[in-house]
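Written out below as structure tokens is the structure these notes cover.
Counting begins at 1 with the first residue of the sequence. No hydrogens, no waters, no symmetry mates; every other heavy atom, side chains included, goes into these values. Indexing begins at 1, ligand by ligand and atom by atom, following the structure's order.
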Amino acid sequence: MTMDLHEQARQILRGNDRGGYTLPTHGLYPYQWNWDSAFAAWGFATFDIARAWDEFDTLLASQWDTGMVPHIIFHEVDPSYFPGPDVWSTGQSPATSGISQPPVAATMARLVWEMDKAAGHDRLAEIYPKLVAWHRWWHEVRCVHGPAAIIHPWESGRDNCPDWDIGMDGVDGSRVGPYTRRDTGHVDPSMRPHKEQYDRYIAMVQFGVSVGWDQRQIVADGPFLMADPGITFILLRAHADLIVLGEVLGHDTSEIEGWAAQLRSALPEIWNADLGAYDARNLRNGRFAGVLGSGALLAYVADAGNPTLDEHLIRVWDAVSYGIPSADPQADIFDARRYWRGPSWPFLNALIALGFREMGRHDLDARLRRETAQAIAKNGFAEYFDPHDATACGGANFTWTAAIWLTWAGQDLEHAKGAA
Ligand code: GLC
């Protein structure tokens, strides 16, 4: 008899646990990643609430003095990963990367706290000021043009989605010098970014190093600056959650309310009327990316949907069978198995579904949960899936896929049985 999927999911979390922090998966991602950790905490909370809070602690322990929480924390150097701490060269201890990642931590902390308020109160009180400082950093450093901006596609967490193509075009990757990628040694190269793209990723890191990771200077003069709808919506949502948590702890939350109002008022700047959807925008020249994808659809998590966007949502979703695709299946750039250019990502589905439930769209939540559960029940706890046939893609035994099975996708096992 095959092992119960819940038990498998718990074993994946335990197996990826490095004692206080969790790897996304062995091999491909041997460090602590920012938003992966927040989802890991949510998963741990279903069976070990203290361990869930530990995950936030280790993540926030590497917060920079500026308030930024880095996207990777290199706890123990592992030569199988590139670009490692020597390439980022940020001078932090433990070593970290020099960019951030989508700030889902406050949202996940609220979910974890709600699962056991008594156990969570003091743990929450400890991390609350750090979360506020991180949100402040986003506003002071990355939201200077209105919406949340990113200085590297990796900061978006949706690494090589088509949203960034127009910004990447302006980056010169011809002078990065020789290096050896490691990702293509772990997974099928056809699922990973092309070399020309990778050269540009490294060029952007080298620029950061050249200015000593002065984030304001990178925003002002760096090779890449784009408004990210995904982070804008995640941050908006996280502000709302942080306000609730602040009130519980008896803090004055007016500063956060101010940020939330400011960010919401910037949403028209990322609405592409020609596309009829939110869209990424190159802040160096004002141009829109002109592609519909996961960033726009994260609007639902921040209660920023509208009837025009709803039509796109249903259109792209109806075109596939296993969850919401990360790019428009009817667009030229769609690629069902290549990183962020089409596949369905279970953890992102879980995030969007959070928004559906709050809008009272339990029908959409149920559909998304069923399709996500079917993909996992069919082909395991993969990093992501081909949205047409649920082929498992990327790394296996993935932390966030296991976490969202325990918290959301696996809630109704009847759904999963339909796929067996
Ligand atoms: C990839 C993903 C990013 C994630 C990381 C670890 O870089 O694009 O979102 O955090 O892998 O899972």
Side-chain angles (χ1 to χ4, degrees), residues 12-13 15-18 21-43 55 59 62 69-75 78 80-84 87-88 96-105 108 150 152-164 168 181-189 191-194 197-198 200-202 204-205 228 230-231 233-234 280 293-295 298 326-327 335 337-352 381-385 392-404:
I12 289 170
L13 289 183
N16 291 341
D17 183 3
R18 278 275 161 274
Y21 72 94
T22 314
L23 310 179
T25 185
H26 286 275
L28 186 59
Y29 300 117
Y31 299 113
Q32 183 174 20
W33 262 259
N34 187 323
W35 68 335
D36 299 65
S37 251
F39 283 96
W42 193 25
E55 191 79 30
L59 173 65
S62 287
V69 181
H71 104 291
I72 305 176
I73 303 156
F74 302 106
H75 291 279
D78 186 324
S80 72
Y81 181 82
F82 178 88
V87 180
W88 286 97
T96 73
S97 68
I99 56 174
S100 197
Q101 239 191 350
V104 287
M108 294 299 137
I150 54 165
H152 193 298
W154 293 345
E155 195 159 61
S156 73
R158 300 177 300 116
D159 296 15
N160 76 316
C161 68
D163 302 33
W164 317 130
M168 289 280 280
R181 282 172 72 167
R182 301 290 174 184
D183 57 325
T184 43
H186 296 289
V187 296
D188 183 344
M191 296 178 183
R192 301 291 304 183
H194 298 290
Q197 246 175 317
Y198 222 84
R200 291 173 182 174
Y201 291 146
I202 299 308
M204 287 177 256
V205 172
D228 178 4
I231 293 192
F233 295 127
I234 285 172
S294 45
L298 277 162
S326 49
D335 192 336
R337 297 190 185 171
R338 196 179 290 274
Y339 229 50
W340 292 108
R341 300 180 86 86
S344 171
W345 294 71
F347 83 101
L348 219 54
N349 292 337
L351 203 54
I352 295 172
F381 293 90
E383 183 176 3
Y384 61 94
F385 296 90
C393 298
N397 300 325
F398 225 82
T399 289
W400 57 23
T401 308
I404 68 97

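The contact shell of ligand 1, taken as protein residues with any non-hydrogen atom closer than 4.0 angstrom, comprises P24, Y29, W33, W35, D36, Q101, G157, D159, Y339, W340, F398, W400.
Outside the 6.0 Å centre-distance limit, the rings of W400 and W42 are not counted as a close aromatic pair. For Y339 and W345, the distance between ring centers is under 6.0 angstrom.
Of the possible polar contacts, one joining the S100 side chain to the V69 backbone as a donor-acceptor pair under 3.5 Å is found. In terms of modelled atom types and a separation under 3.5 Å, the side chain of W164 and the main chain of R158 share a donor-acceptor contact.
No side-chain donor-acceptor contact under 3.5 Å links S156 and D228.
To the nearest 0.5 Å, atoms CH2 (W88) and OG1 (T96) are separated by 9.0 Å.
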